[in-house]
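Some notes on the structure that comes next.
Keep in mind the model is a prediction, meaning the values are calculated, not measured.
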Amino acid sequence: MSKTKKIIEAAEKQFILIGTAHVSAESVAEVESEIRAEKPDCVAIELDEQRLKSLNDTEAWKNLDVVKILREGKGFLLIANLVLSSFQKRMGEGAGVRPGDEMRAGIRVAKELDIPSVMVDRPIQTTLRRAWAKTSFIGKSKLLTTLLGSAFGNEEVSTEQIESLKNASEMDGMMAELSEAMPVVKEVLIDERDRYLASKIWESVTGAHDERKKVLAVLGAGHLPGVERTLGEIANGNKSLTDVSEISTIPKKTAKTNFFKWFISILIVALIAFGFVIGGKEKGADMLGAWLIWNGLLAGVGAILAAAHPLAILVSIVGAPFTSLCPFIGVGFLSGLVQAVMKKPRVRDLETVQDDMNLKGIYKNRLLRVLLVFLLSSIGSSIGTFVAGTDLVVSITQAIRSIF
């Protein structure tokens with residue numbers, strides 16, 4: 001049996017798992033041949049309905065409403081989606097395939113043989129929002145750095161390297177590195193989805209579909225060990241693993257998180273007010289100026305680095321000191337919105353968005369420029385809040401020492 005093929009027998013059911021590399025020509029051929037040879041009662045695909053729609057609808061980018069995305073606070077999620085899609089596309093170019101071709105092949109052959117196919121992955125938006133919500137500030141910084149590095153990197157990946165991704169040793173090493181560097185991200189992107197995939201594969205031949213006896217599942221190789229293990233546990237009686245309601249929702253912001261955000265805002269205002277009380281107008285004005293300058297300056301620098309429209313730069317500078325004190329809105333939304341209005345993305349920008357995910361293209365493409373303005377002004381404001389906050393604490397400490 002192939003290393004990328006696993007078979008589980010349970011309760012008179014047969015689960016055939018095919019592990020693939022998402023940009024592998026060999027994986028496409030293997031999926032096609034296995035479905036024809038096994039003739040399962042059902043084909044399970046590692047996709048959700050939204051990603052299936054995206055695979056089939058190449059014109060989807062034309063309907064993208066970037067203003068709505070920023071307003072709903074999904075700017076970082078869109079950036080992550082674009083980076084991941086661009087990276088996979090770049091990998092696939094060397095192998096002569098498109099990302100997801102093995103999934104398309106599975107759906108196509110299943111339809112040709114009149115076999116039902118089901119999408120068994122968790123919605124991508126849920127996965128990304130759970131990963132973002134559960135990651136600390138430092139973790140978010142690592143994640144953004146990794147994403148941007150992969151987006152702007154120009155390292156070529158050979159066909160041999162792509163195929164090696166299906167080998168257990170290579171995959172184990174990558175999972176170990178991810179677990180060590182970003183354990184929460186690995187938990188959400190891999191472990192939770194292993195359980196979700198296994199539960200939906202199990203459902204595809206049980207319950208309302210009990211008449212089905214054999215399912216063939218097309219999965220990324222990284223999910224093969226976890227899905228195999230979880231299916232085995234379910235088959236051995238641990239039916240609690242089939243309840244995935246807890247990992248199908250976005251974690252709500254805890255009272256602790258909300259308190260911390262408001263605490264920082266109140267603390268900053270209190271420090272400046274205290275500066276006026278113990279140091280007089282001059283000291284208070286200096287502290288207020290430090291807050292305004294650090295926040296506005298660094299947010300403005302971020303917007304300038306993004307080559308933002310002058311009005312978007314001005315909005316970043318003026319807005320950052322105030323949005324930093326308001327948990328409900330960030331300066332990135334304001335600057336990105338102004339950039340989108342002043343340099344409205346064109347149809348051709350939407351058509352070439354994935355091809356333009358590189359250092360040169362991101363400045364040329366108006367949609368990507370909006371996202372870059374949003375990202376860099378947000379990062380600048382965050383750094384400004386930290387620097388200004390530190391400056392205020394030092395100033396208060398010095399003022400107190402001068403009194404006593």
Side-chain angles (χ1 to χ4, degrees), residues 70-71 73 75-80 83 132 135-149 151-152 257 260-275 283-343 359 362-363 368-398:
L70 293 179
R71 184 170 62 246
F76 287 111
L77 298 181
L78 178 58
I79 291 171
V83 170
W132 190 255
T135 304
S136 66
F137 176 77
I138 294 177
K140 286 182 173 69
S141 300
K142 284 184 180 180
L143 185 57
L144 281 173
T145 301
T146 302
L147 286 172
L148 293 175
F152 299 135
T257 301
F260 180 75
K261 288 183 176 180
W262 279 111
F263 175 76
I264 293 296
S265 300
I266 293 171
L267 178 62
I268 294 297
V269 173
L271 285 173
I272 294 174
F274 193 50
K283 186 65 176 179
D286 286 344
M287 292 177 65
L288 178 60
W291 173 257
L292 295 174
I293 290 171
W294 279 119
N295 253 274
L297 177 65
L298 293 182
V301 168
I304 290 171
L305 290 176
H309 186 276
L311 188 56
I313 295 173
L314 180 61
V315 167
S316 298
I317 294 172
V318 175
F322 301 99
T323 56
S324 296
L325 297 175
C326 178
F328 302 118
I329 188 171
V331 73
F333 165 70
L334 298 179
S335 59
L337 179 61
V338 172
Q339 181 70 25
V341 171
M342 302 307 296
K343 292 288 186 178
L359 194 55
I362 202 169
Y363 281 94
L368 295 179
R369 182 87 68 83
V370 169
L371 295 175
L372 191 64
V373 171
F374 159 79
L375 177 64
L376 295 187
S377 61
S378 297
I379 292 174
S381 180
S382 297
I383 296 173
T385 297
F386 176 78
V387 173
T390 303
D391 191 295
L392 295 181
V393 171
V394 171
S395 295
I396 285 293
T397 302
Q398 292 174 342

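Counting heavy atoms of neighbouring residues, nucleotides and ligands inside a 6.0 Å radius, atom CZ of Phe386 does not exceed 12 of them.
Annotation: the span from Leu371 atom CG to Leu376 atom CG amounts to 10.5 Å, rounded to 0.5 Å. Note that CD1 of Ile272 is 10.0 Å distant from CG of Leu267, once rounded to the nearest 0.5 Å. To the nearest 0.5 Å, the span separating CG on Asp286 from NZ on Lys283 amounts to 6.5 Å. Remark: Leu392 CG to Trp294 CH2 distance equals 11.5 Å, nearest 0.5 Å. One distance of note links CG of Leu314 with OG of Ser335; it measures 11.5 Å at 0.5 Å rounding. With rounding to the nearest 0.5 Å, the separation of CG in Leu297 from CD1 in Ile383 is 11.5 Å.
Sorted by first then second residue, the side-chain hydrogen bond (donor to acceptor under 3.5 Å, both in side chains) pairs that include residues 306-315, not counting sequence neighbours, number zero.
Nearest heavy-atom pair, Ala306 versus Arg369, reported as atom, atom and distance to 0.1 Å: O-CD, 3.0 Å. Annotation for Ala290 and Asp391: closest pair CB-OD1, 3.9 Å, computed over non-hydrogen atoms. For the pair Trp291 and Ser324, the tightest heavy-atom approach, listed with the atom from each and the gap, is CZ2-CB, 3.7 Å. In terms of heavy-atom proximity, Leu271 sits nearest to Ile396 at O-CD1, 3.6 Å. Of all heavy-atom pairs between Gln339 and Ala312, the closest is OE1-CB, 3.8 Å. Asn295 and Ala388 make their closest contact through ND2-CB, 4.2 Å (heavy atoms, listed as atom of the first residue, atom of the second, distance).
With sequence neighbours excluded, the residues satisfying side chain to side chain contact (heavy atoms under 4.5 Å, CB included) with Leu334 are Val315, Thr323, Ile329.
Side-chain atoms of Ser381 never come within 3.5 Å of backbone atoms of Ser377 as a donor-acceptor pair (strictly under, hydrogens ignored). A distance-only check finds a donor-acceptor pair linking the side chain of Ser265 to the backbone of Leu325 [under 3.5 Å].
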